[in-house]
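Structure first, commentary second.
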Amino acid sequence: MKQTIKEVDVQGKRVLMRVDFNVPIRDGEITDDRRIQMALPTIQTVLERGGKVTLMSHLGRPSGNGYEAEFSLKPVAVRLSELLNEDVSFDESSDKAVVLRENLRFDSREKAGDEAFGASLAEGCDIYCNDAFGTAHRNHASMVAVPQQMEGKPRVAGLLLEKELKYLDESIRNAEPPFVAVLGGAKVSDKLGAIERLIGTVDSIVIGGAMAYTLLAAQGVHIGNSLVEEELIAQSKEMLEVAGAKGTTIHLPFDHVCAPEIAAESAAVVESGDIPDGLMGLDIGPETTSAFADICERAKTIVWNGPMGVFECPAFSKGTKGVANAIGNATEKGAVSIVGGGDSAAAIAQFGLETKMTHISTGGGASLQMLEGKEFLSVSLLDDTV
Ligand code: ADP
Ligand code: MG
């Protein structure tokens, strides 16, 4: 377990806090300020206890060759000031209670993880706090070089990072069985690492989405024109065999909602077993949905990453919705449900099921890497609880 900001004395200290203020901005206006809102509790716990904060974040993808107005954090400073009801200084040499540094990625040394850049960021700060889970898998200067430079000073997790680690790491390592993983989405290549780690750890893996078709092809099922990663068929076959030997049951779809192409107006038909040529599997079928829902409803721990179909089109959203509802029901009965993946989170929001899940991760790439069991240097540098 990692020490958190709540556990350190911040009175009279300046906390250098890596936050995720990478919010969508259009024509200088923030279109969704949830990331700023979510950072408030970590900032406020410092201010309430007499500490000061220097906040740092990236925003978008500037070139790294200096200031670009389009990627300035200025609108964030304004919004943050309103939300905190406190002055936010945009001058990094200021001694105000809340200072926001300009976009870290204006300097190419941020992404390069440069030590000297890390040292310059750390200057004048007494405590390091990481609350940017979405970037935790990246060894950027603000994530790694800074805490390395601040060795000997307290280096702690913010409240958002604490929650992500609690669910994506501890809950998964100490999962109560039956432990079910629900995987889907676009590509099996994205999720092979996660499947390989989960085999032998979970009781069953339920697989839908486009990635299911590569696995079905590996089993010799005819998949028509469904998306497939030919180069991964052999590896998928091997993986299915290993799963059997290690006591993890892999459930694949056995009926499918199909159409000639991915288009809302494309006429949907249900096919069981083989899919005829000319049709693509775009959602798990009704029988599969009810079988997958059953498995989820009986689970005590569920991790979900990747939608079961092209949920963006109503005609191909029923599988994802059915499974999401079942996970919500299981959670209501006491199961722990952990959702990762940007599109999965979007699907849950589309169905209005956000409050039914135990934890919806804010970090797509980072959450998938946690599922793969990877250790993050940015996290390992933070102090352990004693
Ligand atoms: P996440 O962001 O949750 O990790 P992914 O990015 O892996 O999920 O995949 C999401 C995308 O996969 C969605 O845009 C969805 O439309 C697409 N998808 C799901 N099932 C299929 C399918 N059977 N055929 C084509 N695309 C699919
Ligand atoms: Mg995605």
Side-chain angles (χ1 to χ4, degrees), residues 133-134 137 164 168 181-195 197-198 205-217 221-230 232 236 251-266 268-272 274-276 278-286 288-289 292 302-324 327 337-351 353-354 357 359-372 374:
F133 178 71
H137 57 313
E164 296 277 4
L168 289 163
V182 179
L183 298 177
K187 289 181 178 166
V188 75
S189 51
D190 286 343
K191 296 180 185 170
L192 268 181
I195 303 176
R197 189 259 177 138
L198 291 166
I205 307 181
V206 160
I207 298 179
M211 66 184 274
Y213 296 104
T214 300
L215 297 168
L216 286 168
V221 174
H222 194 79
I223 57 162
N225 292 19
S226 305
L227 294 182
V228 63
E229 288 170 276
E230 298 278 355
L232 290 175
S236 298
H251 300 270
L252 296 175
F254 48 89
D255 66 341
H256 315 271
V257 180
C258 305
E261 55 180 345
I262 308 180
E265 64 285 1
S266 208
V269 290
V270 173
E271 297 286 340
S272 290
D274 292 324
I275 297 175
L279 287 180
M280 298 176 80
L282 296 175
D283 192 12
I284 56 174
T288 301
T289 304
F292 284 9
I302 304 158
V303 293
W304 178 21
N305 191 303
M308 297 291 101
V310 182
F311 72 95
E312 298 93 335
C313 299
F316 314 116
S317 68
K318 292 193 190 77
T320 306
K321 191 172 183 181
V323 169
I327 297 174
S337 54
I338 303 151
V339 184
D343 292 292
S344 310
I348 287 173
Q350 181 179 311
F351 306 138
L353 293 171
E354 293 108 315
M357 309 295 163
H359 179 66
I360 302 174
S361 177
T362 56
S367 75
L368 192 56
Q369 290 202 13
M370 281 242 117
L371 267 193
E372 292 169 9
K374 291 219 176 105

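Counting starts at 1 for both ligands and their atoms, in listed order. Only this structure's heavy atoms are used, side chains among them; waters, hydrogens and symmetry mates stay out.
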Spell out, as yes or no, whether a donor-acceptor pair under 3.5 Å connects the side chain of [X] to the backbone of [Y].
X      : Y      : answer
Asn225 : Gly278 : yes
Glu271 : Pro276 : no
Ser272 : Asp255 : no
Thr320 : Pro307 : no

| message | Can you list every protein residue that has a heavy atom under 4.0 Å from any atom of ligand 1, sorted by chain and residue number? | response |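 If the criterion is a heavy atom under 4.0 Å, then ligand 1 touches Gly185, Ala186, Lys191, Gly209, Ala210, Tyr213, Leu227, Ile262, Gly281, Leu282, Asn305, Gly306, Pro307, Gly309, Val310, Glu312, Gly341, Gly342, Asp343, Ser344.
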| query | Do the ring planes of Tyr213 and His256 sit parallel (below 30°), tilted (30 to 60°) or perpendicular (above 60°)? | reply |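 Ring orientation of Tyr213 relative to His256: tilted.
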| message | Give me each pair satisfying side chain to side chain donor-acceptor pair (under 3.5 Å) with a member in residues 303-312, each pair once, sequence neighbours excluded. | response |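 Sorted pair list: Lys191-Asn305.
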| request: Check all N, O or S atoms of Asp343 and name the one closest to the Mg ion (ligand 2). | output: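 Nearest N/O/S atom of Asp343: OD2.
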